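Proteins get letters first, then strands, A, B, ... in listed order; numbering begins at 1 in each. Remember, predicted model here, so these are calculated numbers, not experimental data.
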Amino acid sequence: MFKILHAEFLAPGIKRFVIEAPRIAQKQKPGQFVILRLYEHGERIPITIEHSDPKAGTIRIVVQSIGKTTNLLNSLNAGDSILNVVGPLGKPSEIENFGTVVVMGGGVGTAMAYPTAAALKNAGNRVISIVGARNKELVILERELRETSDALMITTDDGSYADKGFVTDKLRQLIENGTRIDLVLAIGPIPMMRAVAEMTRKEKIRTIVSLNPIMIDGTGMCGGCRVLVDGKSEFACVDGPEFDAHRVDFSVLVQRNSMYRTAEQKSMEEFQHDPKSQIEAVHAEQPGACALEGGRQ
Amino acid sequence: MTESSKPPLLNVLPLKERMKIPRQHMLEQPALERATNFTEVNLGYSEELARQEAARCLECANPKCTNDCPVGVKVKDFVRLIVAGDFMGAAAKIREDNVLPAITGRVCPQEDHCEGGCLMGKKVQPLGIGYLERFVADYEQRHLDTSKLPKAPPTGKKVAIVGSGPSGLTAAGDLIQRGHEVHVFEALHTPGGVLVYGIPEFRLPKQIIREQIDYMRAMGVVFETDVVVGKTVTLDELMHEEGYDAVFIGTGAGLPQFMNIPGEHLNGVYSANEFLTRINLMHAYEFPKYDEPMLDLHGKQVAVIGGGNTALDAIRSALRLGASKAYVIYRRSEAEMPARKEEVEHAKQEGIEFRVLTNPIEFLSDGKGWLNAVRCMKMDLGEPDASGRRRPVAVEGSEFNLPLSVAVIAIGTGANPLIQSTTPGLNTNKKNYIEADPVTQRTSRRGVFAGGDIVTGSATVILAMGAGRRAAQAIHEYLSTWCEW
Ligand SMILES: Cc1cc2nc3c(=O)[nH]c(=O)nc-3n(C[C@H](O)[C@H](O)[C@H](O)COP(=O)(O)OP(=O)(O)OC[C@H]3O[C@@H](n4cnc5c(N)ncnc54)[C@H](O)[C@@H]3O)c2cc1C
Ligand code: FES
């Protein structure tokens, strides 16, 4: 059992959790993720670690309600627990002084890009952050990113905050202005990462993306997370999740991520039909409710 | 056991009479019925059947069954106790050598070990040692009071076991009986290794593994799940910061191998590990009661590629999930199949089609990213290869397409790499398996032992247990004497 010490909504449907996980907090590096399972009947899902505090023994994650599991997770609060949290998984981001780095976050991807942006800044890079959201309400981590960036640009799809448009518009401006860019890190929805990759490929700017294929174990055991990189199979959970954007086959990623669409929709419909009883099923397994596995027993 | 306490009837039978008793068949679910459910295929012996079967034992002076058992179970002795009706005594006798009898009784390839050596097998059918072991273990489970388990006096020494498959569990069980403090670290959320994520419910009910693990907990073993050694904590940190005096590595061979043929990224193409993990560990066969999804296999054509236990487990699971056609595609002939014989028989009864001497060369798409056929070639058997089995050779011009919605690749696995890459000084071989002494299971690192599939490559439950047992013995000696490395 992994206890939630703090939980707050950053935006509608986007929640941040501080979780007690001393072993993971000791080891986490930017770019790594955890896999968690909420309750006995739950599935395992990967979530990037946004921050960790080794002294306090805690990690922080940011979760957007999309399917059943993330909706259930976001119904939990401080004092509740998550049955299983394992990590830190995946390779850490490559951190060195590249020169000028553009860090791009789309939607909740902003929370995944943030720890790497901070580490890059600490390593002496000039960090230009570009954050995109659908509307004003969904812009997250603005304050944190402002602190760790030399410049911060924000776009909203509907223009309700900052500049109307997409993160790629800002990147294009930077390129057209002749800004020297040594590295781009883009994390967000696949269409966004793909568009960034296409734009920087022409300019020969090295670009890193963080991939989000379906995972189960996260240790290289199932092969379900395989992605095509340079025509070769790589396991995102151990060889990634970050890859050179210009070598990734995004079509295969989109196609493989659609594999369980029907089942996922069914889960979500059931959840929406009766969220209360589904949430109760998770709460029924909270500490005190019954003794369960997860962590030390 | 004194002579007088034996019940008179059965075991005073002269040898000739014993040979006349036929091997007692274990009741099983009818093939057509079981092909639609995940309930265990074999239903077990009754007490009468067990005693009847036990009475067949010839009680050889030099029993080959014990010799051929990787952990040396004293078959003759426990079988004699069954004849006498002392089932708890029989269980205790098995436990002297085997801490997981309910599991080995179900999944051991007995034909290669105890039953393969049975003298009776030369004339009639061998003694049903696996069935008897299973019967005794299940009987013990129903009658055991774990609160009364004897506890050894603590030695003050601490051992970490990495991986909770059969090798780790055996080492843990043996070491706790010698009074050492034992902690098992497991990457997944449930302990058991392949026993929980690989072998399906219909062959090895998960309840059985839970019971064995609860038994170990009752003896004092501490399990810590959700710990990936090498990521969450390194082996050196366990030894230097957390005070473990010795470590046993039993991380298995769980790295799935793909065929590297075109089309392997299509939707519908799985590794056996993923397919089985979804079904077993994550209960996807109970979707939507459990949240992990699985493709709907009803009315679909499904094939598994490979001929081992993993392949059969995968395809028999697919059948139970509603597949209308279920094929085993194997590039050699049935004689070379490494699977347990009983599983091959069961699979055939259930209606699995075997396409032997056939090898896939490409997965074909429906144009939308989903698998819709596999292109295969026919094979012939040529000269024996390094494994001693005849090498399959492609027959030119024999290509054909087999319509298919789901393909499961079960052509073998490699070493789990996480510990090797994060533990300096730990020697490995070319294939990244850990090098360990075959008798003491010692590695190149002082205080570090390894065994099971991570040393030998994919093998069997009982061989992994044998390694765990030898390691426990060697760890105990090491902790008692701090001997030279
Ligand atoms: C589907 C299938 C069916 C089989 N059927 C049979 C059968 O009928 N009969 C038979 O005898 N054999 C069978 N086998 C083979 C048998 O299961 C294996 O040989 C045996 O389980 C090996 O045991 P092990 O202890 O070496 O490792 P495993 O059982 O593989 O266990 C290793 C454990 O270590 C964990 N682990 C790995 N890396 C780490 C890490 N870094 N940190 C922490 N934990 C880690 C894994 O999660 C796993 O739980 C089958 C195998 C499969 C896959
Ligand atoms: S999630 Fe299973 S191998 Fe990556």
Side-chain angles (χ1 to χ4, degrees), chain A residues 2 21 23-24 26-27 32 34-45 67-69 72 83-90 214 216-228 232-233 235 238 249 251-252 254-256 258-264 266-267 270 293-297, chain B residues 183 187-191 197 213 217 222-228 230-234 237 251-252 254-258 260 264-268 270-278 281-284 286-296 365 368-370 409 413-414 416-418 421:
Chain A
F2 296 80
R23 284 191 185 279
I24 305 174
Q26 286 295 329
K27 275 281 156 42
Q32 292 188 299
V34 289
I35 285 195
L36 52 84
R37 189 177 73 132
L38 291 182
Y39 65 130
E40 265 310 306
H41 288 199
E43 58 179 345
R44 291 169 66 102
I45 59 160
K68 177 177 172 186
T69 301
L72 285 176
L83 186 53
N84 306 100
V85 181
V86 60
L89 302 171
I214 296 169
I216 305 183
D217 57 299
T219 65
M221 180 273 275
C222 76
C225 65
R226 63 193 188 276
V227 290
L228 259 192
K232 280 206 321 252
S233 229
F235 290 0
V238 286
D249 186 329
S251 317
V252 164
V254 170
Q255 164 223 310
R256 286 185 58 80
S258 74
M259 193 145 154
Y260 297 103
R261 188 132 310 150
T262 321
E264 284 160 4
K266 186 169 174 186
S267 271
E270 276 202 7
E293 292 169 0
R296 183 173 295 205
Q297 302 146 48
Chain B
H183 288 234
L188 294 172
H189 58 254
T190 311
Y197 79 71
I213 293 201
R217 281 206 184 103
V222 175
F223 287 87
E224 191 171 343
T225 58
D226 306 313
V227 176
V228 185
K231 285 274 174 192
T232 314
V233 63
T234 63
E237 285 162 346
T251 46
L255 194 76
Q257 275 165 15
F258 286 91
N260 297 319
E264 258 175 345
H265 283 80
L266 291 172
N267 290 359
Y270 284 98
S271 76
N273 272 4
E274 182 187 356
F275 191 76
L276 288 168
T277 301
R278 278 183 184 277
L281 182 71
M282 304 309 299
H283 290 260
E286 296 184 73
F287 180 85
K289 190 176 148 208
Y290 282 75
D291 294 339
E292 193 78 43
M294 187 72 207
L295 290 180
D296 184 359
S365 161
K368 295 182 203 125
W370 288 82
I409 301 171
T413 49
N416 282 348
L418 285 175
S421 60

Review point. Any idea how A:Tyr260 and B:Tyr270 line up, ring-wise: parallel (<30°), tilted (30 to 60°), or perpendicular (>60°)?
Key: tilted

At a heavy-atom separation under 4.5 Å, does [X] approach chain A through its side chain, its backbone, both, or neither?
X	value
B:Thr413	neither
B:Phe275	neither
B:Leu295	both

Sidechain-backbone polar pair: [X] side chain, [Y] backbone, donor-acceptor under 3.5 Å:
X	Y	answer
A:His41	B:Lys289	yes
B:Thr232	A:Ile24	no
A:Gln255	B:His265	yes

For the student: nearest non-hydrogen atoms of [X] and [Y], plus distance:
X	Y	value
B:Phe287	A:Ala263	CZ-O, 3.3 Å
A:Met259	B:Trp370	O-CH2, 3.4 Å
A:Gly224	B:Glu274	CA-OE1, 3.0 Å
B:Met282	A:Gly42	CE-O, 3.6 Å

Working to the nearest 0.5 Å, report the span between [atom1] of [X] and [atom2] of [Y].
X	Y	atom1	atom2	answer
A:Arg37	B:Leu281	CZ	CG	7.0 Å
A:Thr219	B:Lys231	OG1	NZ	10.5 Å
A:Arg44	B:Thr277	CZ	OG1	9.5 Å
A:Ile216	B:Leu188	CD1	CG	10.0 Å
B:Asn267	A:Arg261	CG	CZ	10.0 Å

With respect to chain A, which residue among [options] yields the maximal number of heavy-atom pairs within a distance under 4.5 Å?
options	result
B:Gly230, B:Pro256, B:Ala284	B:Pro256
B:Ser271, B:Pro288, B:Gly414	B:Pro288
B:Asn273, B:Asn260, B:Asp291	B:Asp291

Exercise for review: Could you go through the side chain to side chain contact (heavy atoms under 4.5 Å, CB included) check for A:Cys222 and B:Tyr197 one step at a time?
Suggested key: CA-CA 10 Å; A:Cys222 76; B:Tyr197 79 71; over 6 Å; no

State, with a plain yes or no, whether a side-chain heavy atom of [X] is found less than 4.5 Å away from one of [Y].
X	Y	result
B:Leu255	A:Met221	no
B:Glu264	A:Ser233	no
A:Val86	B:His189	no

Review point. Can you tell which of A:Leu72, A:Val85, A:Ile45 has the highest number of heavy-atom pairs within less than 4.5 Å of chain B?
Key: A:Val85

Study note, to complete from the structure: The interface call for A:Val227 against chain B, heavy-atom contacts under 4.5 Å, is backbone

Review point. For A:Leu228, is it the side chain, the backbone, both or neither that has a heavy atom under 4.5 Å from a heavy atom of chain B?
Key: both

Revision key, fill the gap. Tested for side chain to side chain contact (heavy atoms under 4.5 Å, CB included) against B:Glu237, the lone hit among A:Lys27, A:Gln26, A:Arg23 is A:Lys27

Review point. Which of these passes side chain to side chain contact (heavy atoms under 4.5 Å, CB included) with B:Val228: A:Ile35, A:Leu89, A:Asp217?
Key: A:Leu89

